[in-house]
Number of protein chains: 4
Amino acid sequence: MKNADEPTQPRRTRDPDSKRAAVHDAALHLFTKRGYENVSIAQVAKSAGIAVGTVYRFYDNKLAMLRAMLEEIEDLFVRRMKHDWDKGGAHPDRLDAICEGLFVVAEDHRSLLRLLTMTTDVVYVDGALPGDRIQSQIRSFYAEGMSAGTFVEGDVDMMAAMAHGLVEGAMMQSMRSSTSNRTEDVAQLSKVMKNAFVARQQ
Amino acid sequence: MKNADEPTQPRRTRDPDSKRAAVHDAALHLFTKRGYENVSIAQVAKSAGIAVGTVYRFYDNKLAMLRAMLEEIEDLFVRRMKHDWDKGGAHPDRLDAICEGLFVVAEDHRSLLRLLTMTTDVVYVDGALPGDRIQSQIRSFYAEGMSAGTFVEGDVDMMAAMAHGLVEGAMMQSMRSSTSNRTEDVAQLSKVMKNAFVARQQ
Amino acid sequence: MKNADEPTQPRRTRDPDSKRAAVHDAALHLFTKRGYENVSIAQVAKSAGIAVGTVYRFYDNKLAMLRAMLEEIEDLFVRRMKHDWDKGGAHPDRLDAICEGLFVVAEDHRSLLRLLTMTTDVVYVDGALPGDRIQSQIRSFYAEGMSAGTFVEGDVDMMAAMAHGLVEGAMMQSMRSSTSNRTEDVAQLSKVMKNAFVARQQ
Amino acid sequence: MKNADEPTQPRRTRDPDSKRAAVHDAALHLFTKRGYENVSIAQVAKSAGIAVGTVYRFYDNKLAMLRAMLEEIEDLFVRRMKHDWDKGGAHPDRLDAICEGLFVVAEDHRSLLRLLTMTTDVVYVDGALPGDRIQSQIRSFYAEGMSAGTFVEGDVDMMAAMAHGLVEGAMMQSMRSSTSNRTEDVAQLSKVMKNAFVARQQ
DNA sequence: AATGAATGAGAGTTCATTCAT
DNA sequence: GATGAATGAACTCTCATTCAT
């Protein structure tokens with residue numbers, strides 16, 4: 001039985017950064033598991049082991065928490081893609097590198113990725129969608145490849161959108177499948193990507 | 001004397017089906033425009049021209065309304081795909097037909113499609129995602145094509161997931177672009193789809 | 001001991017107008033007793049014997065409740081003053097009538113009057129103060145009397161402000177004093193008012 | 001080598017009185033500008049350049065800050081009135097002096113005065129009103145004047161209340177009017193006051 | 001069958017106050 | 001003495017759902 005007269009709680013005992021991280025992790029976990037709208041700040045706070053008010057030291061409001069996470073994962077993807085692309089080499093090989101890189105990020109940040117694919121409704125505003133920055137980055141890669149003659153000709157926006165969808169589909173499948181193996185999944189995605197978007201030599 | 005042909009005023013007892021449709025349309029319109037969570041039953045009822053309580057004659061609760069709509073659009077897509085596939089012909093040609101068919105449905109039911117891609121968060125439960133039935137249908141087509149040697153070899157689930165993502169990406173892009181033209185978009189999607197998934201003859 | 005399984009509460013059993021009145025009275029009582037800021041909607045609802053949500057059927061928000069009450073008492077005063085003034089007669093006699101009339105209203109609406117003198121802080125916006133409409137009405141009477149030569153010359157705004165303050169002081173004193181007698185208080189106010197504002201004949 | 005004359009930077013330990021004053025001034029400014037309820041201790045602390053906790057060295061709680069200010073302005077008024085009254089002279093002349101004195105204080109402490117007339121709601125408890133000490137002082141002057149036969153006969157409490165209201169009305173009007181001129185306002189107030197409360201010689 | 005007033009749990013957010021540092 | 005991170009009760013307001021009419 002719990003003694004209600006316990007001296008409430010220790011104050012200022014933990015590393016502040018660990019609290020920020022605790023809020024982040026708790027929120028991410030809950031959002032991913034139950035959906036953003038079905039999670040209350042009180043639940044996040046409790047799960048993070050802090051008081052409700054403390055959550056607001058780290059995020060201005062609930063939506064800001066979500067946006068911060070979406071930006072985080074978008075950043076991770078965009079940076080990784082850039083990094084892999086900028087290593088140079090033939091464009092088709094860069095595609096391989098990017099597919100591999102994206103899967104690595106996805107595997108390391110499963111929850112964030114799921115959040116990215118789940119919260120369209122909540123965040124939607126002025127036609128902007130989560131994932132747009134990723135798609136935009138893909139577009140610029142594609143444009144470069146197309147003007148170099150290595151990628152299939154077509155409307156860049158549409159090509160980028162399809163490539164984005166293709167990758168997202170593969171990732172979600174990989175994450176959902178219990179038997180999947182990253183190396184194989186990456187290989188398969190790479191193969192399909194190249195079939196779809198790399199121009200045939202004649 | 002009672003005139004059986006009362007004028008335009010809504011009757012004491014209207015055709016129940018027309019009410020159901022009114023609720024459906026009002027909800028779809030509002031959900032799409034403002035997001036599921038930002039629409040109240042009161043607003044739906046008002047927009048449908050009926051009382052709040054009456055909404056509950058047609059749907060057990062708010063979430064059921066959303067699920068019904070998602071099922072509806074999934075049905076539309078699945079049925080159309082089946083219909084197009086079952087017309088027979090070479091598998092690659094069937095791909096063409098399906099791409100065309102899906103875009104037709106998408107164009108006729110923009111709001112429903114939008115709902116399908118936006119409400120993952122709300123509906124998500126136990127790993128099931130809106131769109132799964134569509135993906136499942138794609139899987140069965142793909143399996144057939146693969147065993148016939150017309151589709152690229154690979155893990156069926158992954159292939160179906162990628163195809164699904166590819167199509168969804170194309171559709172979203174098409175819907176978002178103000179300058180897009182369906183015929184062109186379909187052509188481009190078809191081409192990419194065949195490059196990606198149709199086995200090369202040698 | 002209370003049975004928690006009681007069928008919550010009867011619904012729709014009371015006259016709706018009685019609910020509106022109950023909210024009004026409960027809020028007025030509590031605001032007057034404890035101060036607007038120190039009263040919660042929950043307390044108002046409880047005191048009115050209804051649910052919190054029901055309060056919002058009658059008032060858009062908490063501040064609207066207060067404003068409605070202030071308008072109510074301002075209206076009562078303004079109307080009464082006009083009525084008394086418009087009965088005609090010599091201006092000094094009208095002053096008598098108005099003093100009498102105002103006291104009648106004040107006595108019948110003690111709580112509202114107190115609210116009027118208490119909530120300056122809350123309502124203050126753009127320099128507008130509760131009581132301004134009353135003062136404005138006084139101003140127009142004064143202007144009339146001054147141009148007729150019956151009231152003391154001076155800056156009308158200042159004269160009206162002083163008259164207003166004088167009356168308000170008298171009313172508050174009358175309300176606070178347990179031994180006060182309306183007839184006497186009115187007589188005294190009238191006398192002072194006439195000394196202060198009625199021009200001496202020579 | 002330690003330089004005892006550190007520059008303008010706030011010292012680890014500042015003069016406590018300057019801190020107290022900083023809190024006082026910050027709070028007064030903010031209360032007057034935004035209303036007591038709309039100002040947080042954190043804002044006061046920040047504006048005063050000290051920590052939240054330090055505020056509590058000077059005031060037990062938020063309400064105590066307000067009460068201290070109300071007492072301050074009451075003191076100012078009461079002391080000034082006493083001072084002017086005690087200069088002696090004919091009672092009517094003392095009235096002139098007091099009117100002048102009160103306006104001087106009001107002009108020098110506009111914010112405090114505003115606070116005095118605006119925060120009734122917050123402070124109100126047990127029938128005690130801010131301003132009561134001022135009114136009480138007026139009462140004692142009036143009693144003296146009345147027993148000397150120089151002031152109009154009547155119930156002292158009522159007379160004092162009316163005088164108080166009259167002055168407050170004049171002050172508020174003077175403060176609100178952009179075109180007002182103190183000398184004129186004082187003159188007008190004095191005239192009306194004497195008409196109202198100074199007994200006519202015969 | 002239809003209504004919509006009523007409910008009240010629960011949401012996000014604020015902030016006076018405390019106290020370990 | 002001073003700090004400001006942390007607390008959590010309390011606030012206003014919303015809205016899915018119910019049910020007497």
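Convention: sequence-line order gives letters A, B, ...; per-chain numbering from 1. Atom set for the values below is all heavy atoms of this structure, side chains included, hydrogens, waters and symmetry mates excluded.
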Assign each of C:Asn38 and C:Gly53 the nucleotide of DNA chain F bearing its closest heavy atom; nearer the 5' end lies the nucleotide of C:Asn38
B:Ile41 CD1 to F:dA16 P, in whole Å, measures 5 Å
In numerical order, the residues of residues 58-68 of chain D whose heavy atoms come under 4.0 Å of DNA chain F are none
Applying side-chain hydrogen bond (donor to acceptor under 3.5 Å, both in side chains) to B:His109 and not counting sequence neighbours gives none
Check your understanding: Which part of the nucleic acid does A:Val55 contact within heavy-atom distance under 4.0 Å: base, sugar-phosphate only, or nothing?
Key -> nothing
C:Leu30 CG to F:dC11 P, in whole Å, measures 12 Å
When rounded to whole Å, the OH to P distance for the pair A:Tyr56 and E:dT13 reads 4 Å
Determine, for B:Tyr56 and B:Lys62, whether the Lys NZ or Arg CZ falls below 6.0 Å from the six-membered ring centre while staying within 45 degrees of the axis. no
Output field dot_bracket for DNA chain F (Watson-Crick or G-U, both distances under 3.5 Å, | for other-strand pairs) contains .||||||||||||||||||||
Taken to the nearest whole Å, CZ/B:Arg20 to P/E:dA2 is 11 Å
When rounded to whole Å, the OH to P distance for the pair B:Tyr36 and F:dC15 reads 12 Å
Is any side-chain heavy atom of D:Tyr59 closer than 4.5 Å to a side-chain heavy atom of D:His24? yes
Regarding the side chain of D:Ile50, the nearest nucleotide among E:dA16, F:dT3, E:dT7 is F:dT3
*asked:* Students often get this wrong, so: under 4.0 angstrom with heavy atoms, is D:Val44 touching a base, only sugar-phosphate, or nothing?
replied: nothing
Margin query: When you measure from the side chain of B:Ser47 to the backbone of B:Gln43, do you find a donor-acceptor pair of N or O atoms at a distance under 3.5 Å?
Written below: no
Is a side-chain donor or acceptor of A:Asn38 paired with a backbone partner of A:Arg34 at a separation under 3.5 angstrom?
yes
Between C:Val52 and B:Thr54, the residue closer to the 5' end of DNA chain E by nearest nucleotide is B:Thr54
Result for 5'-nearest mapping on DNA chain F, choosing between B:Gln43 and D:Arg57, is D:Arg57
Between E:dA2 and B:Lys19, is there an OP1 or OP2 to side-chain N/O distance shorter than 4.0 Å? yes
Exercise. Between B:Glu37 and A:Glu37, is there a donor-acceptor pair closer than 3.5 Å when you use the side chain of the first and the backbone of the second?
Worked result: no
When you compare the side chain of C:Arg57 with that of C:Lys19, does any pair of heavy atoms fall below 4.5 Å? no
C:Glu37 atom CD is separated from F:dA10 atom C1', nearest whole Å, by 14 Å
Taken to the nearest whole Å, CZ/C:Arg34 to P/F:dA10 is 13 Å
State whether the side chain of D:Thr119 and the backbone N or O of D:Leu116 hold a donor-acceptor pair below 3.5 Å, judged by distance alone. no
Checking the side chain of D:Asp132 only, and the main-chain atoms of D:Leu129 only, is there a donor and an acceptor separated by less than 3.5 Å?
yes
